[in-house]
Amino acid sequence: LTFIQTQPTFVDGWELIEMEWTQSGVKSNYQFQPGASFSDLPDGARIEANNPTQCRKRLPLAMPRPTGALALTSIEESSKRFFELTRRLGAKGHLKFDAPMTKKVSDVQLTATWAAGVWRLSDLSPSVLGAELPAFLNEVPGMTVTRATYKSTITLTLEGSIYARVRKDS
């Protein structure tokens, strides 16, 4: 997320209109502005064949692997923390947990003690990309960011996975 925060909104007259960070890298879209040159594109960008007033740039990123183990909270507690985070960031939130995975092994049905889910925080102000954002996200154990999308200077959307215990006592 720091990478998105440090990107200039204008490069050689081209305006950054969208940036998307995923586990495979960063895609940036730029819009031609008066005074820009088609000869001087943002470094590594290519003109769009169907729309020459836009160019795209892709950067692969190496993703750090998380280290250590955090204790998962219950689905209820994770939901409370997620929606409190949503409120504090002034965002729109979406959270959905799937049923725990089950698997049959030698006629014995095993059910995971945790559930996986997906989340999205949308309509975030890009100003939240400060140093406090990682601390905010760490308030919900088991929550990982898998995609960040920035559109113009207006909104930021964060998406990811979340894991939580199925029962409070497990």
Side-chain angles (χ1 to χ4, degrees), residues 1-33 36 41-51 53-67 70 72-99 114-164:
L1 295 176
T2 304
F3 179 83
I4 290 176
Q5 183 182 15
T6 61
Q7 297 309 296
T9 54
F10 284 90
V11 178
D12 296 325
W14 289 82
E15 181 183 11
L16 177 65
I17 58 170
E18 183 176 12
M19 182 179 286
E20 180 180 43
W21 170 88
T22 64
Q23 293 176 340
S24 61
V26 175
K27 293 186 289 187
S28 303
N29 295 331
Y30 296 87
Q31 178 74 44
F32 180 85
Q33 297 297 316
L41 301 176
D43 192 34
R46 294 181 180 199
I47 291 281
E48 284 292 303
N50 298 337
N51 185 356
T53 62
Q54 290 192 359
C55 63
R56 291 183 189 257
K57 175 177 164 177
R58 295 179 193 273
L59 286 173
L61 287 180
M63 296 295 298
R65 296 261 182 224
T67 57
L70 294 174
L72 295 179
T73 57
S74 68
I75 290 174
E76 180 183 2
E77 181 64 25
S78 293
S79 297
K80 286 179 184 177
R81 290 183 186 197
F82 174 81
F83 287 110
E84 176 60 16
L85 174 66
T86 301
R87 184 192 67 78
R88 288 175 41 209
L89 292 174
K92 290 181 182 173
H94 170 80
L95 176 65
K96 180 180 182 279
F97 283 98
D98 295 327
W114 69 91
V118 293
W119 62 270
R120 181 177 57 252
L121 290 172
S122 58
D123 292 344
L124 284 161
S125 166
S127 65
V128 304
L129 282 175
E132 68 279 353
L133 184 62
F136 279 154
L137 296 176
N138 283 336
E139 291 177 13
V140 185
M143 193 163 95
T144 61
V145 177
T146 56
R147 168 177 268 152
T149 306
Y150 167 84
K151 293 198 183 227
S152 295
T153 56
I154 302 168
T155 64
L156 172 71
T157 299
L158 299 176
E159 299 175 76
S161 301
I162 186 166
Y163 301 89

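For reference, positions follow the sequence shown, starting with 1.
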Next item on the list: Determine whether Lys27 and Arg56 make a side-chain contact, defined as any pair of heavy atoms from C-beta on separated by less than 4.5 Å.
Entry: no
Next item on the list: Would you check if Val26 and Met19 make a side-chain contact, meaning some heavy-atom pair closer than 4.5 Å?
Entry: yes
Note to self: Rounded to the nearest 0.5 Å, what separates atom OG1 in Thr157 from atom CG in Leu121?
What the structure shows: 9.0 Å
Check: Distance from Asn29 atom CG to Arg58 atom CZ, nearest 0.5 Å?
Finding: 8.5 Å
Notebook entry, point to check: Can you tell me if Lys57 uses its side chain to pair, donor with acceptor, with the backbone of Asp43 under 3.5 Å?
Noted result: yes
Check: Where do Arg46 and Leu41 land on the side-chain contact (heavy atoms from CB on, under 4.5 Å) test, with the steps shown first?
Finding: CA-CA 7 Å; Arg46 294 181 180 199; Leu41 301 176; 5.6 Å; no
Next item on the list: Could you pull out the closest heavy-atom pair between Ala91 and Leu124, with the gap in Å?
Entry: CB-CD2, 3.6 Å
Check residues 83-90 and write down every donor-acceptor pair under 3.5 Å in which the side-chain atom is one partner and the other belongs to a residue at least two apart or another chain.
{"from": "Glu84", "atom 1": "OE1", "to": "Arg87", "atom 2": "NE", "distance (Å)": "3.1"}
{"from": "Glu84", "atom 1": "OE2", "to": "Arg87", "atom 2": "NE", "distance (Å)": "3.4"}
{"from": "Glu84", "atom 1": "OE2", "to": "Arg87", "atom 2": "NH2", "distance (Å)": "2.5"}
{"from": "Thr86", "atom 1": "OG1", "to": "Phe82", "atom 2": "O", "distance (Å)": "2.9"}
{"from": "Arg88", "atom 1": "NH1", "to": "Glu139", "atom 2": "OE1", "distance (Å)": "2.7"}
{"from": "Arg88", "atom 1": "NH2", "to": "Glu139", "atom 2": "OE2", "distance (Å)": "3.2"}

Check: Can you name the side chain to side chain donor-acceptor pair (under 3.5 Å) partners of Ser79, sequence neighbours left out?
Finding: none
Margin query: What's the separation between atom CD1 in Ile47 and atom OH in Tyr30, rounded to the nearest 0.5 Å?
Written below: 13.0 Å
Item checked: Distance-only side-chain donor-acceptor flag, Glu15 / Gln33, under 3.5 Å -> yes
Margin query: With rounding to the nearest 0.5 angstrom, report the CG to CZ distance, Leu158 to Arg120.
Written below: 11.5 Å
Check: Can you check whether Ser161's main-chain N or O pairs, donor with acceptor, with Trp119's side chain at less than 3.5 Å?
Finding: yes
Next item on the list: Output all residues satisfying side chain to side chain donor-acceptor pair (under 3.5 Å) with Ser122, sequence neighbours left out; order by chain, then residue number.
Entry: none
Check: Between the side chains of Thr73 and Ser78, does any donor sit under 3.5 Å from an acceptor?
Finding: yes
Checklist line | Nearest non-hydrogen partners of Asp98 and Ala115, listed with the distance | finding: O-CB, 3.4 Å
